[in-house]
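So that the names make sense, note that chain A is the first sequence line, chain B the second, and so on, each numbered from 1. What you see is a predicted model, and the numbers here were worked out from it, not measured in a lab.
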Number of protein chains: 2
Amino acid sequence: MDQDGKKLAAENCCHGQNMEQVEEMMPTDECLYDVAELFKLFGDSTRMKILYALFESELCVCHMAQLLGLTQSAVSHQLRILKGGRLVKPRREGKTVYYSLADDHVRKIIAQGMEHIMEQQGVMV
Amino acid sequence: MDQDGKKLAAENCCHGQNMEQVEEMMPTDECLYDVAELFKLFGDSTRMKILYALFESELCVCHMAQLLGLTQSAVSHQLRILKGGRLVKPRREGKTVYYSLADDHVRKIIAQGMEHIMEQQGVMV
DNA sequence: CTAATATATGAGCAGATGTTCATATGTTGT
DNA sequence: ACAACATATGAACATCTGCTCATATATTAG
């Protein structure tokens with residue numbers, strides 16, 4: 001029993017588990033939070049569309065909007081978020097701003113996700 | 001001018017861009033949506049904690065709750081979502097249910113995200 | 001069957017998120 | 001300076017999300 005008078009379930013089940021070991025290899029809460037925040041950036045179809053559109057070459061905001069069938073405003077808002085997360089970087093040329101993927105990691109992460117989807121579709125009936 | 005009497009911005013800027021080419025290599029909307037949905041699963045710190053806890057070995061629900069300082073209910077709700085997305089799989093043994101990562105892709109994706117975070121922290125001042 | 005334990009789930013709620021609309025900022029040409 | 005164009009941003013709003021609480025289901029022991 002603990003101080004509250006209730007037995008903690010964890011004390012009774014899966015005794016074989018080495019909890020200390022699991023706890024030791026866990027990253028800090030802050031680190032896990034940051035990773036989650038990173039993946040959150042990829043977790044919206046509008047942002048994913050934008051990122052994928054930038055896979056091969058840079059594009060200006062208006063072209064992205066046109067290509068993806070989105071409002072200029074919506075694209076701009078999402079680009080702001082992506083820029084904040086260092087997933088894309090802007091390059092100004094006169095009135096237009098060209099965006100491109102910030103680094104190759106972004107490409108790798110998306111590719112990995114895409115792979116996983118494809119595999120699952122293959123497995124699905 | 002288009003039919004609405006407004007010029008489309010995209011017609012005037014970045015003339016050098018080959019939009020057809022970009023459009024051709026774009027995956028279907030459905031595919032992009034699925035990838036976004038996949039990443040959304042990784043985009044919550046509670047779920048990320050759970051996934052990372054399962055990195056090395058399977059764990060039962062109550063142990064996850066204890067280890068991560070979460071309610072059993074909260075963990076169970078998130079496990080349901082993760083299971084739905086085929087990121088984890090359950091194994092029943094008597095009263096307790098052990099969860100483990102569904103496949104190695106999950107590990108790879110998390111590792112890739114973690115790498116990205118580490119790199120950025122290195123770059124930061 | 002009943003009690004105890006482990007997990008799952010539905011309802012309700014508070015906070016986060018993405019879009020639209022209007023408007024501001026920045027750049028170029030006249 | 002002014003007009004036109006490209007982009008950015010703030011406010012408002014509707015939707016989505018994750019948590020808590022209560023309760024249901026499943027399994028085992030007695």
Side-chain angles (χ1 to χ4, degrees), chain A residues 1-2 5-15 17 33 36-37 39-50 58-85 88-99, chain B residues 1-2 5-15 17 32-33 36-37 39-51 58-85 88-99:
Chain A
M1 301 251 214
D2 66 4
K6 304 185 296 182
K7 266 190 279 188
L8 290 172
E11 287 177 8
N12 303 316
C13 76
C14 17
H15 281 292
Q17 302 271 342
Y33 179 82
E37 286 302 303
F39 283 121
K40 196 174 288 183
L41 296 174
F42 295 94
D44 171 77
S45 58
T46 298
R47 286 194 293 272
M48 185 53 67
K49 280 182 192 175
I50 292 175
E58 64 177 14
L59 286 172
C60 67
V61 179
C62 60
H63 261 134
M64 285 189 243
Q66 188 195 17
L67 177 66
L68 309 173
L70 299 166
T71 315
Q72 174 269 320
S73 182
V75 173
S76 211
H77 274 295
Q78 296 303 339
L79 281 170
R80 197 166 108 88
I81 294 172
L82 291 171
K83 189 172 55 176
V88 302
K89 53 173 193 272
R91 176 178 73 82
R92 177 142 226 148
E93 190 172 301
K95 279 176 290 186
T96 80
V97 179
Y98 294 91
Y99 281 87
Chain B
M1 301 252 215
D2 65 5
K6 307 185 293 183
K7 266 191 277 189
L8 290 172
E11 288 176 7
N12 304 314
C13 75
C14 17
H15 281 293
Q17 301 271 342
L32 288 165
Y33 178 82
E37 286 301 302
F39 283 121
K40 195 172 288 180
L41 296 174
F42 295 94
D44 172 77
S45 58
T46 299
R47 284 194 293 271
M48 186 54 68
K49 279 181 193 175
I50 291 174
L51 291 170
E58 64 176 14
L59 286 172
C60 67
V61 179
C62 61
H63 261 134
M64 285 189 243
Q66 187 194 18
L67 177 67
L68 308 173
L70 299 166
T71 316
Q72 174 268 320
S73 181
V75 174
S76 211
H77 275 296
Q78 296 303 338
L79 282 170
R80 197 168 106 89
I81 293 171
L82 291 170
K83 190 173 55 175
V88 302
K89 55 171 190 274
R91 177 179 72 82
R92 179 141 224 151
E93 191 173 302
K95 279 176 292 188
T96 80
V97 179
Y98 293 92
Y99 281 88

Subject >> Point-to-point distance, once rounded to the nearest 0.5 Å, from CD of B:Glu37 to NZ of B:Lys40 >> reply: 4.0 Å
Original post:
Going by 5.5 Å between centroids and 30° between planes, is there a stack of A:His77 over D:dT9?
Top reply: yes
Original post:
Quick one: B:Leu79 CG to C:dA8 P, roughly how many Å, whole number?
Top reply: 7 Å
Original post:
Once you round it to whole Å, what is the distance between P of D:dC16 and CD1 of B:Ile81?
Top reply: 14 Å
Subject >> Positions of residues 41-51 of chain B (non-hydrogen atom under 4.0 Å from DNA chain D), listed by number >> reply: B:Asp44, B:Thr46, B:Arg47
Original post:
Is A:Arg47 reaching over with its side chain to a backbone N or O of B:Ala36, donor-acceptor style, under 3.5 angstrom?
Top reply: no
**OP:** Report yes if a side-chain nitrogen or oxygen of B:Gln78 is closer than 4.0 Å to either non-bridging phosphate oxygen (OP1 or OP2) of D:dT17; otherwise report no.
**Re:** no
**OP:** Measure from OH on A:Tyr98 to P on D:dA6 and round the result to the nearest Å.
**Re:** 10 Å
Subject >> First encountered from the 5' end of DNA chain C, between A:Gly94 and A:Ala74 >> reply: A:Ala74
Subject >> Angle between terminal axes - the helix from C:dC1-D:dG30 to C:dT30-D:dA1, 5 pairs each end, rounded to 10° >> reply: 20°
Original post:
Looking at SG of B:Cys62 and CD of B:Gln66, how far apart are the two atoms once the value is rounded to the nearest 0.5 Å?
Top reply: 7.5 Å
Original post:
Does B:Ala74 have any side-chain contact (heavy atoms from CB on, under 4.5 Å) partners at least two apart in sequence or in another chain, and if so, which?
Top reply: B:Thr71
Subject >> Identified side chain to side chain contact (heavy atoms under 4.5 Å, CB included) partner of B:Ile50 from the options B:Val61, B:Asp44, B:Leu59, B:Leu68 >> reply: B:Leu68
Original post:
Rounded to the nearest 0.5 Å, how far does CG of B:Leu41 lie from CD of B:Gln78?
Top reply: 9.5 Å
Original post:
How close or far is atom P of D:dT17 from atom CG of B:Leu82, stated in whole angstroms?
Top reply: 14 Å
Original post:
Given atom CD of B:Glu58 and atom P of C:dA6, what is their separation to the nearest angstrom?
Top reply: 16 Å
Original post:
Roughly how far, to the nearest 0.5 Å, is NZ of A:Lys83 from OG of A:Ser76?
Top reply: 8.0 Å
Subject >> Phosphate-side-chain proximity, B:Thr71 and D:dT20, N/O vs OP1/OP2 below 4.0 Å >> reply: yes
Original post:
C:dT30 P sits how many Å from A:Lys95 NZ, rounded?
Top reply: 10 Å
**OP:** Specify whether A:Phe42 and B:Phe39 have parallel, tilted or perpendicular ring planes, treating 30° as the upper limit for parallel and 60° as the lower limit for perpendicular.
**Re:** tilted
Original post:
Is any side-chain N or O of B:Tyr99 closer than 4.0 Å to OP1 or OP2 of C:dA6?
Top reply: no
**OP:** Starting from C1' on C:dT7, measure out to CG on B:Leu59 and report it in whole angstrom.
**Re:** 15 Å
Original post:
Any donor-acceptor pair under 3.5 Å joining the side chain of B:Gln72 to the base of C:dA8?
Top reply: yes
Original post:
Quick one: A:Arg80 CZ to D:dA11 P, roughly how many Å, whole number?
Top reply: 12 Å
Original post:
Under the criterion side chain to side chain contact (heavy atoms under 4.5 Å, CB included), which of A:Arg91, A:Met64, A:Lys89 is the partner of A:Tyr99?
Top reply: A:Met64
Original post:
Does C:dT17 have OP1 or OP2 sitting under 4.0 Å from an N or O in the side chain of A:Lys40?
Top reply: yes
Original post:
Could one point to a donor on the side chain of B:Ser73 or the base of C:dT7 with an acceptor on the other under 3.5 Å away?
Top reply: no
Subject >> Any side-chain heavy-atom pair of A:Pro90 and A:Val97 under 4.5 Å >> reply: yes
**OP:** Would you mind telling me which of D:dA8, C:dA8, C:dA6 lies closest to the side-chain atoms of A:Val97?
**Re:** D:dA8
